Amino acid sequence: MNTDGNNNPVSPEPKAAAQTTDFIRTIIANDLQSGKHKQIVTRFPPEPNGFLHIGHAKSICLNFGIAEEYNSVCHLRFDDTNPGRESTEYVEAIKRDIRWLGYDWGEHLYYASDYFDRLYDFALELIKKGKAFVCHLSGDEIREQRGTLTEPGRESPYRNRSAAENLQLFEQMKNGELEAGTCVLRAKIDMAAPNILLRDPVIYRIIKTSHHRTGDKWCIYPMYDFTHCLSDMIEGITHSLCTLEFENNRALYDWVLDTLETPCHPRQIEFARLNINYTVMSKRKLLQLVDEGHVSGWDDPRMLTLSGLRRRGYTPASIRDFCAIIGIGRRDAWIDMGVLEKAARDDLNEHAPRVMGVLKPLKVVLTNYPEDKAEELEAINHPQKPEMGVRTIPFCREIYIEATDFMEEPPKKFFRLAPGREVRLRYAYLITCREVIKDEHGNVVELRCTYDPETRGGSTPDGRKVKGTIHWVSARHAIRAEVRLYNRLFTVEHPDRDKEKDFKTFLNPESLEVLTDCMLEPSLQKATPADRFQFERQGYFCLDEQDTTAGKPVFNRVVTLRDSWTRMKEKMKKNTGTKP
RNA sequence: UGGGGCGUCGUCAAGUGGUAAGACACAAGAUUUUGAUUCUUGCAUUCGCAGGUUCGAAUCCUGCCGCCCCAGCCA
């Protein structure tokens, strides 16, 4: 059984919508029932040219999820046909991320590059059948002769070379006798086809770059449309699931498999890719953010890469839940960022132990509490789960409270601390604010309060009602920490919608707020990297794996708690503004 | 004005001729030593629009409108 950072078991099943059905699962169920297939084989085929993001998680959960449901296998296949931009660094990162998400490809790890020899033979077969030819047109010429959306293309002057000549030329390409760009191998289909992908598409090009796995063995590389369908076929994939933008490619996928002698013909099915507002999803844009230093790396906690989410503190289970909740369909869908955050909260609410930490400390001196006294107060680790136990928290004369929990002139309905007001210190005592100390600029720097010795633990023997309960930490015992508060990376819902403006102009300057003088309860001394906690009344936090050092813990805020007080404040502000 | 797709609540999403599931969001209320959690209630007489077929249509037919994808020797 896997465990999360807190040693809590991670449920292997997405809890919500676990048995949801969708049009793909319906097709598969029918194929099984009709006897078309005895077993199902799916695959996840990333190109190792970047890190996996939440959009890939949707595809991973779909493909590996289906395999699990049908007691079958999902292959992991690297689609590595473009050596110029692929690397083993990405291969390793991708494998690690899939495992972290909770999936296992077992023995079924493949690379399209493993099939280069067979792919080459298939190309030969195509040539012999008169279905492919070597074309010496330049890239520009090919583009120009391809026609447009409304006009048919023109046939290449090289289109009717003999099979023998094509075979010889293709061999020369393979042997490195021709330079990149001089010619390509094209499928011979139909230059007048309304589907542009069928207008004699390029299927092999010369690239004299060494490949991360095959080295310099090859200087010709097959294109996606030729590689993908044949790789699926070779592996006996039954259902080849991909995103909607490959819809037009399906005709080519089928053409290749129909034209060649193949033992099976996988079915390509497309579904809508994942879009989430207030972020960007394309690998190209994520890479740009990394390269240009707008974020600290692929694993920056603000990035919706799997490594970023992991570092931020998202649990694999919450991401799997998220993928189950959003469903699979064929329309362009925009998922609200709030749905992802909700998935994180739901999982963390259940598993994360509660602790107290003060992010923006304000010192409070309890004037009637003995200077040398200290006591241990008991706190529970999870209000709904007594089995998670209790811990003790030290208490003394000087404590820190959250600066935002005090207001000198509180608005109505503010039931925290204010001059003359009484609040409860969680698990400790009721205190009353007697005096406000300010610096020369008028900033509140300290509070003098009195505590009520009769209220130890926070109870009120006289039955008096106290509306506010705030968190605190003992000044003498607190451990100092850095806390990083993350907000949305972009300020607008659709950063890349505007074709005129670069998406980076919408980057949120306040996406990261670093707090260096946070005060945490001493029990957190025992936290180990990747452990997650709820800092009561504030949110869920995760001990950073990278920047935490022995003397200086660094916590990342995964997500805030729901905060109806802030919403109420905003509403009151709006209402007073519009009052007649 | 080529071809391929898609249009059901603010956002996702079931529904496949029998009279609009569910989730998120939102709103109101209850419980609460986290303004958290939990709970209760409310939230599409209507399915892009217009016709038609039918006893009956979101589901079938016709026309229209809107949005997405395709002119990389990327995947």
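Quick caveat, the model's predicted, so the values are computed rather than measured. Per chain, numbering begins at 1; letters A, B, ... match sequence-line order.
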For a ring pair (Phe, Tyr, Trp, His ring centres under 6.0 Å) with A:Y221, tell me which candidate from A:Y204, A:F116, A:F226 qualifies. A:F116
Only one of A:E376, A:E521, A:E378 passes side chain to side chain donor-acceptor pair (under 3.5 Å) with A:R391, and that residue is A:E521
Nearest heavy-atom pair of A:V358 and A:E402: which atoms, and what distance? CA-OE1, 3.5 Å
Donor-acceptor under 3.5 Å (A:E86 side chain, A:N82 main chain): yes
Between A:Y429 and A:Y451, is the ring centre distance below 6.0 Å? yes
Indicate syn or anti for B:G72, taking the glycosidic torsion and treating anything within 90° of 0 as syn. syn
Is the shortest side-chain N to carboxylate O distance from A:R532 to A:D347 below 4.0 Å? no
Rounding to the closest angstrom, what is the interatomic distance between B:C67 and B:A27 at atom C1'? 31 Å
Provide the distance between the two C1' atoms, one in B:G15 and one in B:U46, to the nearest whole Å. 14 Å
If the test is ring pair (Phe, Tyr, Trp, His ring centres under 6.0 Å), which one of A:Y540, A:F535, A:F541 qualifies with A:F555? A:F535
Opposite nucleotide pairing with B:G66, Watson-Crick or G-U, both atom distances under 3.5 Å: B:C6
Mind checking A:R424 for me? I need base, sugar-phosphate or nothing, with any heavy atom below 4.0 Å counting as a touch. base
Nearest-angstrom distance, P atom, B:G7 to B:A14: 10 Å
Name the nucleic acid region contacted by A:Q538, choosing base, sugar-phosphate or nothing; use a 4.0 angstrom heavy-atom cut-off, strictly under. nothing
Which residue pairs pass the ring-ring contact (aromatic ring centres under 6.0 Å, His included) test with at least one member in residues 317-338 of chain A, sequence neighbours excluded? A:W334-A:H494
What is the distance from CD1 of A:I380 to P of B:U32, rounded to the nearest Å? 15 Å
Return the pairing partner of B:A27 with a 3.5 Å limit on both distances, Watson-Crick or G-U wobble; otherwise return none. B:U41
A:R416 near the nucleic acid: base, sugar-phosphate alone, or nothing, with a heavy-atom cut-off under 4.0 Å? base
Would you mind telling me which residue lines up with the more 5' stretch of RNA chain B, A:T26 or A:L561, judged by nearest nucleotide? A:T26
By salt bridge (Lys or Arg N to Asp or Glu O under 4.0 Å) - contacts of A:E341 (at least two apart): none
Could you tell me how far B:G52 sits from B:U59 if I compare only their P atoms? Round to whole Å. 14 Å
For A:H75 and A:E235, test the side chains for any donor-to-acceptor distance below 3.5 angstrom and give the result as yes or no. yes
For A:K467, which contact category applies under a 4.0 Å heavy-atom criterion: base, sugar-phosphate, or nothing? nothing
What interatomic distance, in whole Å, is found between P of B:U8 and the corresponding atom of B:C73? 35 Å
Check RNA chain B against residues 271-282 of chain A and give the residues with a non-hydrogen atom under 4.0 Å, in numerical order. none
Below 4.0 angstrom, N of the basic side chain to O of the carboxylate: do A:D563 and A:R567 qualify? no
Are A:R537 and B:A36 close enough that a side-chain N or O sits under 4.0 Å from OP1 or OP2? no
Side-chain donor-acceptor contact under 3.5 Å, A:E179 with A:T182: no
How far, in whole Å, is B:G10 from B:G5 if one measures between their C1' atoms? 25 Å
Students often get this wrong, so: under 4.0 angstrom with heavy atoms, is A:Y221 touching a base, only sugar-phosphate, or nothing? nothing
P spacing across the pair B:G63 / B:G3, given as an integer number of angstrom: 14 Å
Between B:C60 and B:A25 - C1' atom distance, rounded Å: 35 Å
Nucleotide by nucleotide, 5' to 3', does protein get under 4.0 Å of the base (B), only the sugar-phosphate (S), or neither (-) in nucleotides 68-75 of chain B, counting heavy atoms? SBBBSBBB
Separation of B:G35 P from A:F414 CZ (nearest whole Å): 11 Å
Taking 4.0 angstrom as the limit, do A:R85 and A:E47 come out as a salt bridge? yes
Between A:D232 and A:R77, is there a salt bridge with N-O shorter than 4.0 Å? yes
Just the table, please: protein N/O against nucleotides 37-43 of chain B N/O, every pair under 3.5 Å.
residue : atom : partner : partner atom : Å
B:U37   : OP2  : A:R562  : NH1          : 3.2
B:U37   : O2'  : A:N349  : ND2          : 3.1
B:U37   : O2   : A:Q384  : NE2          : 3.1

Could you go over nucleotides 27-30 of chain B and give all protein N or O partners under 3.5 Å, atom names and distances?
residue : atom : partner : partner atom : Å
B:A27   : OP1  : A:K571  : NZ           : 3.3

For the side chain of A:W565, counting heavy atoms from C-beta on, which of B:U34, B:G35, B:C12 is nearest? B:G35
Taking for each residue the nucleotide of RNA chain B with the nearest heavy atom, is it A:A333 or A:T455 whose nucleotide lies nearer the 5' end? A:A333
Keeping the roles fixed (side chain from A:R250, backbone from A:R267), state whether a donor-acceptor pair exists under 3.5 Å. no
Would you mind classifying the nucleic acid contact of A:P152 as base, sugar-phosphate or nothing, using non-hydrogen atoms under 4.0 angstrom? nothing
Rounded to whole Å, the CE-P distance (A:M407 to B:G35) equals 16 Å
Non-hydrogen side-chain atoms of A:P266 and A:M233 separated by less than 4.5 Å: yes
